[in-house]
K.L.:
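Have a look at this one.
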Amino acid sequence: MEFSPLKEQADYRTGDWVSLKVSTEGTERIGMITEFEDDGFWLRFEDDFDFEDFIGYDEKYLARLVRRPIDVRATYPVLAGFETLAVELQDRMAQGFEVLSTDQQNETEIVFHIRLIDSGNEYTQTLRGIKTETDDRFEYVTE
């Protein structure tokens, strides 16, 4: 994807990874959009992920989409009926996690293994979705 002038939100979404440059010859920096405001958005650059920078639409950056988080419901139809797990997984995808594996234990239980790579460090989590006749819930597995 080519660089284009940054405009109000354009087609960007929370969780998108974008590359910014100040000019066509400039060095690019890649970061993840964490939140939108009326006059810009918050971005965590991959080389400084612990902090967020505000990027105003009036700053005249060139931008391009690097990657977008998956839509977990479309990618994993098995999540139908596990709504609270789907919401949590989508939030994790927006934070930069990726799905490593999934294991459906039975019709009432499913497990997702996810990871985040931050500054060369790998962090993994396991989430279990449980569905009953009256509701569904999820839990982080720590075993």
Side-chain angles (χ1 to χ4, degrees), residues 1-105 107-132 135-143:
M1 183 175 207
E2 297 294 318
F3 281 91
S4 60
L6 181 63
K7 298 179 183 140
E8 289 188 30
Q9 193 165 350
D11 186 29
Y12 300 123
R13 303 176 197 156
T14 300
D16 282 353
W17 286 82
V18 296
S19 178
L20 299 176
K21 292 178 16 170
V22 293
S23 69
T24 54
E25 295 81 31
T27 303
E28 66 181 302
R29 272 185 93 190
I30 296 173
M32 182 187 71
I33 297 173
T34 60
E35 182 180 357
F36 284 95
E37 295 194 17
D38 292 339
D39 55 346
F41 55 86
W42 291 94
L43 190 77
R44 286 186 181 200
F45 287 105
E46 66 182 356
D47 59 357
D48 190 17
F49 207 73
D50 291 336
F51 300 98
E52 290 182 277
D53 293 288
F54 184 76
I55 307 299
Y57 295 125
D58 61 347
E59 295 183 40
K60 308 293 183 212
Y61 284 107
L62 296 174
R64 74 177 174 88
L65 180 65
V66 175
R67 69 181 180 272
R68 176 164 281 156
I70 65 168
D71 177 341
V72 295
R73 288 175 185 85
T75 306
Y76 299 98
V78 71
L79 282 169
F82 294 95
E83 185 57 28
T84 56
L85 176 60
V87 169
E88 183 68 12
L89 275 173
Q90 192 63 59
D91 184 54
R92 289 290 184 222
M93 297 303 108
Q95 293 173 14
F97 280 82
E98 63 182 338
V99 174
L100 291 176
S101 66
T102 181
D103 181 24
Q104 184 157 10
Q105 307 291 318
E107 290 184 9
T108 61
E109 186 177 331
I110 188 167
V111 174
F112 277 80
H113 303 281
I114 60 174
R115 79 170 169 189
L116 172 71
I117 297 177
D118 176 15
S119 302
N121 297 312
E122 181 178 279
Y123 302 95
T124 60
Q125 294 180 332
T126 301
L127 292 87
R128 177 183 297 127
I130 301 165
K131 150 170 87 163
T132 66
D135 69 347
D136 71 289
R137 63 184 169 83
F138 78 91
E139 61 190 24
Y140 284 93
V141 179
T142 57
E143 19 182 280

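Owing to the predicted nature of the structure, the values given are computational and were not obtained by experimental measurement.
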K.L.:
Could you pull out the closest heavy-atom pair between R137 and T84, with the gap in Å?
P.N.:
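In this case the closest contact between R137 and T84 is CA-OG1, 3.2 Å.
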K.L.:
Apply the test side chain to side chain contact (heavy atoms under 4.5 Å, CB included) to residues R29 and D48: give CA-CA distance (whole Å), side-chain angles for both, the deciding distance (0.1 Å), then the verdict.
P.N.:
CA-CA 10 Å; R29 272 185 93 190; D48 190 17; 4.2 Å; yes
K.L.:
Does a salt bridge link E2 with R64, judged by any charged N lying under 4.0 Å from a carboxylate O?
P.N.:
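So E2 does not pair with R64 through a salt bridge.
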K.L.:
To the nearest 0.5 Å, what is the distance between CG on L89 and CZ on F82?
P.N.:
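If I round to the nearest 0.5 Å, the distance is 11.5 Å.
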K.L.:
Before giving the answer on side chain to side chain contact (heavy atoms under 4.5 Å, CB included), spell out for V111 and Q105 the whole-Å C-alpha distance, their side-chain angles and the decisive distance to 0.1 Å.
P.N.:
CA-CA 7 Å; V111 174; Q105 307 291 318; 3.7 Å; yes
K.L.:
Suppose we call two aromatic rings close when their centres sit under 6.0 Å apart. Are F138 and F112 close by that rule?
P.N.:
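No, the ring of F138 stays outside the 6.0 Å limit from the ring of F112, centre to centre.
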K.L.:
State the OG1-CD distance between T132 and E109, to the nearest 0.5 angstrom.
P.N.:
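Here the interatomic distance stands at 12.5 Å.
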K.L.:
To the nearest 0.5 Å, how far apart are CD1 in I130 and CD in E139?
P.N.:
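Those atoms lie 4.0 Å apart.
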K.L.:
State whether E83 and K131 are salt-bridged, where the test is any N-O pair (Lys NZ or Arg NE/NH1/NH2 against Asp/Glu carboxylate O) under 4.0 Å.
P.N.:
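Not counted as a salt bridge, because no side-chain N and carboxylate O are separated by less than 4.0 Å.
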K.L.:
When rounded to the nearest 0.5 angstrom, what is the spacing between CZ in R44 and CD in E52?
P.N.:
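So the CZ of R44 and the CD of E52 are separated by 4.5 Å.
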K.L.:
Would you say L127 and Y140 make side-chain contact, with heavy atoms under 4.5 Å?
P.N.:
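When only atoms from C-beta onward are counted, Y140 and L127 do touch, with a gap below 4.5 Å.
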K.L.:
Can you tell me how far CD1 of I33 sits from CZ of F41, rounded to the nearest 0.5 angstrom?
P.N.:
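So the CZ of F41 and the CD1 of I33 are separated by 4.5 Å.
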K.L.:
CD of E122: more than 12 outside heavy atoms within 6.0 angstrom?
P.N.:
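Check passes, neighbour count above 12.
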